[in-house]
Amino acid sequence: MSLDRLAPAIFVLLWSTGWVVAKYATIVSEPLTFLGVRYLVAAVLFAGLCLVSGVSWPRDGRTIAHAVISGAFLHGFYLGALWWAIGQGVPAALSSIIAALQPLMTALAAPFFIGERLSRAQKAGLCLGFSGVLLAVVPKFFGHGASEIPAFAIVINMLGMAAVTYGTIYQKQYLRTGDIRAIATLQYIGALIVTVPFALALETQHVDFGFAFVALVAWSVLGISMGAILLLLYLLRRGQVSRAASLIYLVPPLAALQAAAVFGEELTVPMILGTAIVVVGVYLTNRKDVAQAA
């Protein structure tokens with residue numbers, strides 16, 4: 001089977017492991033400290049890749065600033081909030097369902113920032129998506145084990161979705177040109193600028209340095225931060241982004257299944273139903289024919 005057929009599925013599988021990595025990382029390190037190491041290694045490796053590939057770096061100060069700012073939101077505030085929330089007890093499966101709000105929130109905010117109109121089907125998709133998240137999240141506040149999940153941590157997780165939504169729209173507005181490998185390097189620098197001060201203020205920088213820590217850093221950098229991004233670059237060049245987009249809806253259930261298998265997290269009926277509703281909502285909101293008919 002050719003890489004063209006496998007690439008979209010591999011991309012989604014790599015991306016879905018992020019939540020399991022986040023939960024496992026809290027066992028061997030404090031979350032923000034781990035992210036700081038991850039961003040530093042990713043920035044260095046991407047810079048090396050750019051050097052070897054002869055990438056043309058942006059010379060316009062505004063482009064550099066936009067790349068750094070977008071990285072602060074897309075990686076720094078987003079993953080910082082998500083990983084901190086998981087470290088406070090939010091289940092990885094539940095966090096992945098909340099993460100499914102991102103494309104919905106982007107579609108909701110796009111009319112205000114970049115003038116995109118929503119069709120009726122897209123509005124219905126937004127309503128379905130939010131209702132699915134509510135169905136999955138609300139029982140966690142009132143059901144068995146509710147006291148084990150701080151409400152504040154779930155709020156922070158949702159604020160992370162707001163950050164990545166803004167970062168996505170910001171990138172669409174200001175980063176339409178430039179080699180994505182150079183942009184990615186600058187974005188990880190932006191992520192470091194945000195993450196390091198929070199790690200120094202909120203954590204003790206404790207790390208259980210050993211095989212588990214090194215393996216997690218290696219996977220999170222090579223598998224997710226670089227591997228998934230490079231696969232996305234390949235898909236962009238081959239014009240197969242739509243295939244990856246159609247599979248991205250499988251990320252929440254894949255992450256939930258991985259969390260259940262690795263950590264024994266409970267898959268409740270509301271979470272399963274909520275995930276299914278979110279998937280349908282995101283699909284309706286991002287259908288190409290719907291967007292073109294708007």
Worksheet item: What's the verdict on side-chain hydrogen bond (donor to acceptor under 3.5 Å, both in side chains) for H75 and Y39, showing C-alpha distance, side-chain angles and the deciding distance?
Response: CA-CA 9 Å; H75 301 300; Y39 294 149; 5.2 Å; no

Worksheet entry | Chi angles and distances behind the side chain to side chain contact (heavy atoms under 4.5 Å, CB included) call for T17, W219 | CA-CA 9 Å; T17 64; W219 177 255; 3.1 Å; yes

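Taking hydrophobic clusters as Ile, Leu, Val, Met, Phe, Trp and Tyr residues chained together by side-chain heavy-atom distances below 4.5 Å, W57 shares a cluster with V68. By the criterion of side-chain heavy atoms lying less than 4.5 angstrom apart, applied directly or through intervening Ile, Leu, Val, Met, Phe, Trp or Tyr residues, V194 is not grouped with L186; the two fall into different hydrophobic clusters. Taking hydrophobic clusters as Ile, Leu, Val, Met, Phe, Trp and Tyr residues chained together by side-chain heavy-atom distances below 4.5 Å, M226 does not share a cluster with I189. Residues I193 and L32 do not share a hydrophobic cluster, clusters being chains of Ile/Leu/Val/Met/Phe/Trp/Tyr side chains in contact below 4.5 Å. Note: the hydrophobic cluster containing I224 also contains V217 (ILVMFWY, side chain heavy atoms under 4.5 Å, direct or indirect links).
Considering I156, L79, L35, V90 as possible partners of W84, the one that fulfils the side chain to side chain contact (heavy atoms under 4.5 Å, CB included) test is I156. Considering T185, D179, I180 as possible partners of V55, the one that fulfils the side chain to side chain contact (heavy atoms under 4.5 Å, CB included) test is D179.
In this structure, a donor-acceptor pair under 3.5 Å is present between the side chains of S16 and Q258.
Once rounded to the nearest 0.5 Å, the distance linking OH of Y78 with CG of N157 reads 8.5 Å. Expressed to the nearest 0.5 Å, how far CZ of F46 lies from OG of S225 amounts to 7.5 Å. In this structure, CD1 in I69 is found 11.5 Å from CG in L74, a value given to the nearest 0.5 Å.
Between the side chain of Q205 and the backbone N or O of E203, at least one donor-acceptor pair lies under 3.5 Å. A donor-acceptor contact shorter than 3.5 Å is absent between the side chain of S29 and the backbone of T26. Side chain of T195 to backbone of L192: no donor-acceptor contact under 3.5 angstrom is found. Side-chain atoms of Q88 never come within 3.5 Å of backbone atoms of A153 as a donor-acceptor pair (strictly under, hydrogens ignored). S53 contributes no side-chain N or O that, together with a main-chain N or O of C50, makes up a donor-acceptor pair within less than 3.5 Å. For the pair E30 (side chain) and V207 (backbone), a donor-acceptor distance under 3.5 Å is absent. Remark: the backbone N or O of P91 is not paired with any side-chain donor or acceptor of S95 at under 3.5 angstrom.
The aromatic rings of H66 and Y170 sit perpendicular, their planes meeting at an angle over 60°, well past the 30° parallel limit.
Summarising the local packing, CZ of F198 is surrounded by 12 or fewer heavy atoms from other residues, nucleotides or ligands at distances under 6.0 Å.
For A163 against F77, the heavy-atom pair with the smallest separation is CB-CB, 3.7 Å. The heavy-atom pair separating Y188 from A43 by the smallest distance is CB-CB, 3.9 Å. Across every non-hydrogen atom of P58 and T63, the tightest pair is CB-CG2, 3.7 Å.
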